[in-house]
Amino acid sequence: MGAVTGASTGTPSGAAAADARAERLPKQDRSRATRQRLLEAAVACLAERGWAGSTVSVVAERAGVSRGAAQHHFRTREDLFTAAVEYVAEERSTALRALFPQGASGDRRAVVAALVDLYTGPLFRAALHLWVAASDEEQLRPRVTELEARVGRETHRIAVELLGADESRPGVRETVQGLLDMARGLGLANLLTDDTTRRARVVAQWADLLDTALA
């Protein structure tokens, strides 16, 4: 998402190139493109700088727009970052569905690995920074809590669908939720060190457990 300098070729770089493209779009499309750039910049800032270092001015600069333009789309900092995490959630759901456009075809190990991957990338890292901020910010907490409850329900629903789980059976709902809690825990472990090797073994074990539990 960072700027790429093209001075040697005369090509516009970073925000300048984005602005040039935006000028060729109809007004409504320009507004939509600006909002998208702000959300992407907010996610990147949260992942890299955390809540304390992610001000509206910093996000606007990264997106290549003025602070006034940013506040036109998002009146407050809380509005901006709540929308950013909602954007993260939508991207996570889209990414998961894109892996299995025709369904998972019974490959539970692939589904478990895909769910875990959702919690080990920059999108999850950005969401985590907002959760931490919400634990201390009274104004932010109810909005993030409501959003995360909705995201959790959607992720659970997708997981049930892809795993072919029958939640009318006792214990199945809790088994799927346990998988998602485990995936979140692996995402947290991956924040400090590269947990790839251990994570692969855990994914394989969980897939075997699910084959037994959901059979």
Side-chain angles (χ1 to χ4, degrees), residues 35-36 39-40 42-44 46-47 81-135 140-215:
R35 187 178 191 278
Q36 177 80 6
L39 291 175
E40 291 175 352
V43 170
L46 272 178
F81 286 104
T82 302
V85 173
E86 185 164 7
Y87 167 73
V88 165
E90 291 170 356
E91 289 292 294
R92 280 159 57 186
S93 295
T94 299
L96 182 58
R97 290 206 173 279
L99 291 173
F100 305 102
Q102 306 301 323
S105 303
D107 189 349
R108 290 197 175 104
R109 180 171 296 195
V111 173
V112 173
L115 287 167
V116 169
D117 283 346
L118 289 180
Y119 292 97
T120 54
L123 295 179
F124 174 72
R125 185 183 294 265
L128 180 61
H129 280 297
L130 194 65
W131 300 346
V132 172
S135 69
L140 194 59
R141 189 183 308 155
R143 303 171 69 177
V144 174
T145 300
E146 179 185 357
L147 174 61
E148 282 303 314
R150 179 160 58 83
V151 171
R153 289 192 296 270
E154 172 68 5
T155 304
H156 187 101
R157 186 182 64 77
I158 293 174
V160 167
E161 180 182 325
L162 291 175
L163 291 167
D166 179 4
E167 290 198 302
S168 67
R169 295 173 52 201
V172 169
R173 179 175 181 80
E174 291 75 17
T175 298
V176 175
Q177 190 58 54
L179 165 63
L180 296 176
D181 290 342
M182 179 275 298
R184 186 180 297 110
L186 289 176
L188 291 171
N190 197 62
L191 288 175
L192 296 178
T193 60
D194 184 353
D195 206 36
T196 305
T197 301
R198 185 177 73 91
R199 190 164 68 244
R201 295 196 299 269
V202 173
V203 165
Q205 179 65 18
W206 261 91
D208 290 342
L209 292 172
L210 285 170
D211 278 337
T212 300
L214 304 181

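Just so you know, these numbers come straight off a predicted model, no measurement behind them.
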(request) Might you confirm whether atom CZ of Arg143 has over 12 heavy atoms from other residues, nucleotides or ligands at distances under 6.0 Å? (result) yes
(message) Could you check whether Arg157 pairs with Glu161 (Lys NZ or Arg NE/NH1/NH2 to Asp/Glu carboxylate O, under 4.0 Å)?
(response) yes
(request) Decide salt bridge (Lys or Arg N to Asp or Glu O under 4.0 Å) for Arg184 and Asp181; before the verdict, give the C-alpha distance in whole Å, the side-chain angles of both, and the deciding distance to 0.1 Å. (result) CA-CA 5 Å; Arg184 186 180 297 110; Asp181 290 342; 3.1 Å; yes
(message) Side chains of Leu118 and Phe124, heavy atoms from C-beta outward: is any pair under 4.5 Å?
(response) no
(message) Any non-hydrogen side-chain atom of Val202 less than 4.5 Å from a side-chain atom of Gln205?
(response) no
(request) Please check if the side chain of Thr155 supplies one atom and the backbone of Gly152 the other of a donor-acceptor pair under 3.5 Å. (result) no
(request) Would you check if the side chain of Arg141 reaches a backbone N or O of Ala134 as a donor-acceptor pair within less than 3.5 Å? (result) yes
(message) With heavy-atom distances below 4.5 Å as the criterion, would you say the side chains of Glu40 and Tyr87 are in contact?
(response) yes
(message) Are Leu115 and Val111 packed together at the side-chain level, in the sense that at least one heavy-atom pair is separated by less than 4.5 angstrom?
(response) yes
(message) A side-chain contact here means heavy atoms from C-beta on lying under 4.5 Å apart; do Arg109 and Asp211 qualify?
(response) no
(message) For a quick test of reading the model, state the closest non-hydrogen atom pair linking Ala189 to Arg198 and the distance between them.
(response) CB-NH2, 3.8 Å
(message) For His129 versus Ala47, what's the shortest heavy-atom pair and its separation?
(response) NE2-O, 3.8 Å
(message) Is any side-chain heavy atom of Thr120 closer than 4.5 Å to one of Asp117?
(response) yes
(message) Quick check on side chain to side chain contact (heavy atoms under 4.5 Å, CB included): which of Val172, Val176, Thr175 does Leu210 satisfy it with?
(response) Thr175
(message) Please find the pair of heavy atoms, one from Ser168 and one from Asp166, that lie closest to each other, and give the distance.
(response) OG-OD1, 2.6 Å
(request) Keeping the roles fixed (side chain from Arg173, backbone from Glu167), state whether a donor-acceptor pair exists under 3.5 Å. (result) no
(message) I'd like to know if the side chain of Asn190 and the backbone of Asp195 have a donor-acceptor N/O pair within less than 3.5 Å.
(response) yes
